[in-house]
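Following: one structure in structure tokens, then a few remarks.
Convention: sequence-line order gives letters A, B, ...; per-chain numbering from 1.
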Amino acid sequence: MPIFTLQELSEKLNESFEGDGAIQIKGVAPIDSAREGELSFVANPKYVSLISACKASALIAPKDLDTNFRPLIRSANPYLTFTKALTLFHESARRISGGFHPASVLGENIRFGKDVTVMAHAIVEDNAVIGDRTILYPGVFVGRGAVIGEDVTLYPNVAIYPECSIGDRSILHAGCRIGSETESPAPCKSRPVELENDIELGANVAASGAPEAPTRIGEGTKIDNLVQIAAGARIGPHCIIVSQVAIGGFAVLEERVTIAGQVVISPGVTVGARSRIGAKSVVMENVPPDSDYWGIPAQPIHQEMRLKANINRLPKIFDRIRSLEESASES
Amino acid sequence: MPIFTLQELSEKLNESFEGDGAIQIKGVAPIDSAREGELSFVANPKYVSLISACKASALIAPKDLDTNFRPLIRSANPYLTFTKALTLFHESARRISGGFHPASVLGENIRFGKDVTVMAHAIVEDNAVIGDRTILYPGVFVGRGAVIGEDVTLYPNVAIYPECSIGDRSILHAGCRIGSETESPAPCKSRPVELENDIELGANVAASGAPEAPTRIGEGTKIDNLVQIAAGARIGPHCIIVSQVAIGGFAVLEERVTIAGQVVISPGVTVGARSRIGAKSVVMENVPPDSDYWGIPAQPIHQEMRLKANINRLPKIFDRIRSLEESASES
Amino acid sequence: MPIFTLQELSEKLNESFEGDGAIQIKGVAPIDSAREGELSFVANPKYVSLISACKASALIAPKDLDTNFRPLIRSANPYLTFTKALTLFHESARRISGGFHPASVLGENIRFGKDVTVMAHAIVEDNAVIGDRTILYPGVFVGRGAVIGEDVTLYPNVAIYPECSIGDRSILHAGCRIGSETESPAPCKSRPVELENDIELGANVAASGAPEAPTRIGEGTKIDNLVQIAAGARIGPHCIIVSQVAIGGFAVLEERVTIAGQVVISPGVTVGARSRIGAKSVVMENVPPDSDYWGIPAQPIHQEMRLKANINRLPKIFDRIRSLEESASES
């Protein structure tokens with residue numbers, strides 16, 4: 001496992017820190033089992049009481065948490081930041097010995113980089129490109145003409161449809177399906193699905209795409225399990241998409257957008273840079289940059305919170321109207 | 001790629017058209033990159049301004065859009081119609097050279113049609129039937145006694161459980177799981193899951209079924225990525241089901257139903273013919289034919305819209321009650 | 001297929017029964033096709049009229065259904081109970097002949113139990129453990145150091161990441177991904193994902209986990225298709241989780257919790273023992289034991305029902321306020 005200083009971590013996580021940035025962190029752990037040298041997190045108020053007994057060398061904490069614990073990494077979403085940190089500590093541990101398993105199947109005219117690993121029952125079709133040090137786990141399918149970058153890991157049964165491309169250092173977990181609408185009869189000018197560098201996709205993610213409706217995912221974007229991305233979607237760099245979200249066809253996420261679990265982004269809608277969408281929302285109209293939206297349909301979060309508060313005040317409203325009516329009938 | 005006249009397309013898409021039906025269409029593309037001879041679409045009001053500069057030979061447009069552009073295909077959901085058109089132009093491009101890869105594994109007593117393609121690591125178990133010109137991509141699993149029609153494409157890692165059946169010309173994208181509850185000890189009278197002809201399933205769709213709770217999907221139905229279909233569901237012909245929908249056990253969709261993204265159809269509920277359900281709804285009671293429903297729980301869409309409008313008027317209600325109370329206390 | 005008395009079934013299903021417990025049940029079927037000797041169910045009021053003509057030997061019915069039909073198994077959720085019964089009748093039918101297919105790939109230092117079946121293109125990596133009578137279907141991947149119990153069935157393309165463990169008699173349907181965040185450089189003290197005994201996972205379920213964020217699923221838990229389980233979640237014994245649910249990181253479900261379709265359990269939240277969460281809810285705060293919750297955010301179900309009733313009364317409120325205002329202006 002790698003070792004980072006707190007300052008290095010803060011930069012990689014793109015969050016500010018408080019306290020000694022030179023402290024060395026060599027792993028991550030939950031708050032009740034973390035040990036010296038490890039980074040932990042507190043997201044839920046009910047765990048705040050565990051901070052005093054916490055043995056971690058640093059904590060990821062909400063921006064507004066009042067605590068003397070130092071050093072801290074401050075985050076608007078400590079849990080998401082923790083999962084990003086988890087990935088950082090694992091990345092350099094995933095190297096395995098290279099080579100081509102005799103039970104893999106390779107087409108013609110493939111360009112392989114150095115130190116590629118192709119495990120048993122992986123298949124690479126004609127004219128594909130596989131970059132240096134990339135690993136194909138068992139049962140991976142790379143369609144004809146697809147381009148896979150350097151230091152990429154494709155876990156078991158990932159399927160890359162023909163002509164799609166995957167950027168350097170990306171990690172696709174088991175069962176991801178990339179380009180499931182594509183079927184071009186000839187090499188494309190436009191790749192049906194193009195993933196830039198340093199992207200991570202969770203298990204069983206499905207990203208459709210076609211030459212007429214190309215799908216783009218920008219560098220550094222992290223996507224959780226079972227997310228759906230429709231043909232023509234464009235997702236900016238450094239976005240975070242939590243599990244089971246659906247990004248509609250030709251929808252646009254600008255840079256550093258965060259989408260919580262099970263959100264629907266409707267076809268053709270744009271979510272502005274750095275905006276955050278709350279769990280289970282349906283985004284039906286464009287969202288400006290730097291906004292927090294929530295609801296069905298999604299609206300600015302303070303409006304949605306007020307709306308929910310207003311609904312909860314309804315029973316009292318009925319009482320007040322009844323008493324007004326009674327006074328009116330008495331007078 | 002095939003070439004269709006606009007009139008042919010309008011019939012295949014089951015939508016009306018305006019203008020010259022004899023014009024030839026040879027492909028599809030988004031509005032800002034479409035060229036002569038191509039079909040495009042406009043769904044979102046923000047793209048209406050692009051129509052004047054659009055080079056497409058025909059457009060799919062909302063039924064109520066006021067535009068001079070001709071010819072037009074009118075659709076209640078231009079984006080869905082576009083994705084259907086996309087499929088039409090790809091279908092005839094997906095033929096590849098036939099044959100049995102030496103690394104495929106075949107059981108006993110299988111009936112193979114003519115010109116079947118079985119790629120590496122595909123497996124066909126005993127007593128299965130595979131129709132003419134059908135293609136099994138790498139890692140496909142066809143369980144014992146399953147019946148696959150003619151001109152079917154099963155993409156990588158599709159799993160067809162024993163005794164299930166797939167109709168002619170159907171396309172199942174990577175990772176579809178058909179019949180995941182089935183396990184009958186003997187050949188069934190009732191197939192656990194039966195897909196009729198001309199069905200398309202997106203990536204990682206899961207359709208459960210069992211001899212006691214058989215699941216049926218009617219011809220021409222298109223189902224998007226990551227949809228869940230529970231055992232016993234019956235889905236009519238020519239339905240459209242958008243991504244991540246859940247169809248409950250023994251639920252019924254009659255013909256030409258459209259279900260938008262992430263909807264739940266509760267177990268045992270019936271959705272009437274040609275009805276449409278809005279994104280993220282939970283359908284808890286039967287829906288009559290030819291209805292538009294939306295909400296949690298789903299209700300007629302004009303009621304749901306009025307309900308949402310009423311909620312947004314709540315803050316004013318509070319003001320009006322307060323002022324009534326003030327006048328009452330003054331008087 | 002096995003035969004159970006009604007009393008045995010009632011115990012295995014953990015639901016009470018009324019009538020003759022000695023009656024023998026040898027299968028299950030829907031209410032309109034059930035025959036003598038079979039168990040059926042009625043969940044939806046519209047099917048109550050079919051009870052009089054039903055030929056089943058026993059019915060699963062809602063707790064409050066007024067019917068003379070006997071014997072009955074009473075259940076708060078007859079459909080869920082029916083699907084559990086379906087599983088019971090299938091379990092003993094799934095045995096197939098053992099052996100290692102020559103196209104399977106086995107690593108070094110694996111401990112195999114007796115009568116193990118490893119089908120074509122299944123892969124078991126170094127140091128894994130596979131228990132007696134366990135079946136690996138085609139394309140299954142068992143990572144290094146993983147531990148699979150006895151009488152386990154892993155359907156096609158299941159991927160078990162390194163060091164994860166699966167308990168005895170568990171069934172994982174096609175495309176399940178277990179441990180998709182894990183990558184430990186060395187054998188772990190803490191298994192990234194640990195499934196206890198008698199667990200069933202539907203198709204394409206994704207359960208993440210890592211040594212620092214271990215995920216636990218308790219014995220007897222049944223999980224439907226396409227469910228997402230984040231790293232660090234702890235799920236109690238005997239829970240039922242319907243399709244497309246998302247369990248957030250470090251969330252806790254205590255024993256016998258039931259979660260309906262497409263619910264989100266937010267990271268770090270605890271759902272108390274025996275509680276039930278309605279379809280499409282977002283659980284944002286802890287839920288006490290023995291509670292019924294529903295809504296976005298989830299709240300006690302009677303509050304949510306009242307809230308929805310109040311919203312539907314809003315149009316009348318507007319009328320009443322208007323008439324109060326009119327009387328006020330007149331006076």
Side-chain angles (χ1 to χ4, degrees), chain B residues 103 105 121 123 139 141 143 157 159 161 175 177 180-185 190 204-208 210-214 226-232 244 246 248-250 262 264 266-270 280-282 284 286 296-297 303 306-307 310-311 313-314 317 320-321 323-324 327-328 331, chain C residues 1 27-30 33-34 38 42-44 46-47 79-80 82-83 86-87 89-94 101 103 119-121 137-139 153 155-157 173-175 202-204 224-226 242-244 260-262 278-280 295-296 308 311-312 314-315 317-318 321-322 324-325 328 331:
Chain B
V105 172
H121 314 132
I123 290 188
F141 170 82
N157 298 318
Y161 277 60
R177 317 303 182 179
S180 52
E181 281 189 29
T182 187
E183 262 305 307
S184 63
S190 169
N204 289 341
V205 166
S208 298
E212 305 89 339
L226 292 162
V227 164
Q228 145 73 357
I229 298 169
Q244 296 175 324
F250 298 95
Q262 295 192 354
V264 172
S266 300
V269 160
T270 294
K280 207 86 169 187
S281 298
V282 179
M284 301 178 74
N286 295 347
I296 306 173
Q303 284 180 31
R306 194 168 53 199
L307 178 152
N310 282 338
I311 292 173
R313 287 164 63 195
L314 270 178
I317 289 299
R320 285 161 69 182
I321 292 179
S323 88
L324 279 166
S327 346
S331 65
Chain C
M1 289 232 198
V28 298
S33 64
E38 292 181 325
V42 56
N44 193 309
K46 72 172 172 168
Y47 291 123
Y79 172 69
L80 273 177
F82 177 76
T83 61
L86 218 148
T87 307
F89 282 96
H90 280 159
E91 260 178 350
S92 38
R94 69 190 168 77
H101 194 282
M119 297 195 192
H121 314 133
Y137 269 78
T153 304
Y155 278 103
N157 297 320
H173 280 288
N204 288 343
D224 204 350
N225 298 342
L226 292 162
V242 178
S243 68
Q244 296 174 324
Q262 294 192 355
K280 207 82 165 193
I296 306 173
K308 289 188 191 297
I311 292 173
N312 285 322
L314 268 179
I317 289 299
F318 294 131
I321 291 179
R322 207 172 303 116
L324 280 167
E325 287 168 338
S331 67

> Do C/Leu314 and B/Ile317 pass the side chain to side chain contact (heavy atoms under 4.5 Å, CB included) test, and can you show the C-alpha distance, the side-chain angles, and the key distance before you say yes or no?
Replying inline: CA-CA 10 Å; C/Leu314 268 179; B/Ile317 289 299; 5.6 Å; no
> For B/Tyr161 and C/Tyr155, what are the C-alpha separation, side-chain angles and deciding distance, and is it a side chain to side chain contact (heavy atoms under 4.5 Å, CB included)?
Replying inline: CA-CA 9 Å; B/Tyr161 277 60; C/Tyr155 278 103; 3.3 Å; yes
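Using cut-offs of 30° and 60° for the angle between ring planes, the C/Tyr79 and B/Phe250 rings count as perpendicular.
Within the 4.5 angstrom heavy-atom criterion, atoms from both the backbone and the side chain of B/Thr270 approach chain C. Only the side chain of B/Leu324 has a heavy atom closer than 4.5 Å to any heavy atom of chain C. With a 4.5 Å cut-off on non-hydrogen atoms, B/Gln262 touches chain C through its backbone and its side chain both. With a 4.5 Å cut-off on non-hydrogen atoms, B/Ile296 touches chain C through its backbone and its side chain both. Residue C/Glu325 touches chain B through both its backbone and its side chain, counting heavy-atom pairs closer than 4.5 Å. Within the 4.5 angstrom heavy-atom criterion, only side-chain atoms of C/Leu226, from C-beta onward, approach chain B.
Interface summary for chain C: among B/Gln244, B/Arg306, B/Arg313, B/Lys280, the most heavy-atom pairs under 4.5 angstrom belong to B/Arg313. Considering only heavy-atom pairs separated by less than 4.5 Å from chain C, the leading option among B/Ser323, B/Pro267, B/Ala159 is B/Pro267. Here B/Asn157 is the residue among B/Val282, B/Asn157, B/Leu307 with the most heavy-atom pairs under 4.5 Å with chain C. Each of C/Gly139, C/Gly295, C/Pro138, C/Ala103 has some count of heavy-atom pairs under 4.5 Å with chain B, and the biggest count is that of C/Pro138. Across C/Gly261, C/Ala29, C/Ser243, C/Gly202, the residue that shares the most heavy-atom pairs under 4.5 angstrom with chain B is C/Ser243.
Remark: the backbone N or O of B/Arg177 is not paired with any side-chain donor or acceptor of C/Asn204 at under 3.5 angstrom.
The side-chain heavy atoms of B/Asn310 and C/Phe318, taken from C-beta on, include a pair separated by under 4.5 Å. Between C/Ile321 and B/Ile321, the closest side-chain pair of non-hydrogen atoms falls below 4.5 Å.
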